[in-house]
Amino acid sequence: MAQHPIPPDLGQRAYAAYGEVTEGLTHDGRQMPAWEDLGETIQSAWTAAARVAFTAALSGGQR
């Protein structure tokens, strides 16, 4: 199977997709901060979650 590099902006893209679905609101109805304002911990969390989804999709659902 060919290796697919993980996009460096994967977490940011996932965060943006969430914002598109929620009309830019957080789970409790507040305005989503800009990616740059999230802080390193939250950016890392989004990136980790997106990486798991990306990897699972490439491997047919296996984590």
Side-chain angles (χ1 to χ4, degrees):
M1 179 188 320
Q3 280 287 58
H4 296 277
I6 295 175
D9 64 341
L10 191 61
Q12 186 174 3
R13 290 164 60 182
Y15 184 73
Y18 178 95
E20 288 176 20
V21 172
T22 66
E23 298 181 1
L25 300 177
T26 63
H27 73 282
D28 58 359
R30 293 180 292 133
Q31 188 67 38
M32 289 173 61
W35 174 259
E36 296 79 18
D37 296 334
L38 289 178
E40 188 176 324
T41 300
I42 301 301
Q43 286 181 357
S44 294
W46 273 98
T47 299
R51 185 179 295 120
V52 168
F54 182 81
T55 302
L58 290 178
S59 65
Q62 301 297 317
R63 186 171 176 192

For residues Ala14 and Ala50, report the shortest heavy-atom separation together with the two atoms involved.
-> CB-CB, 3.8 Å
Using salt bridge (charged side-chain N to carboxylate O under 4.0 Å, His left out) as the criterion, list what pairs up with Arg51, not counting sequence neighbours.
-> none
List the atom of Arg13, the atom of Pro7, and the distance in Å for their closest heavy-atom pair.
-> NH1-CB, 3.4 Å
Validation: residues 34-43 side-chain donor-acceptor distances under 3.5 Å, sequence neighbours left out:
unit_1, atom_1, unit_2, atom_2, d
Gln43, NE2, Trp35, O, 2.7

For Asp28, what residues pass the side chain to side chain donor-acceptor pair (under 3.5 Å) criterion, not counting sequence neighbours?
-> Thr26, Arg30
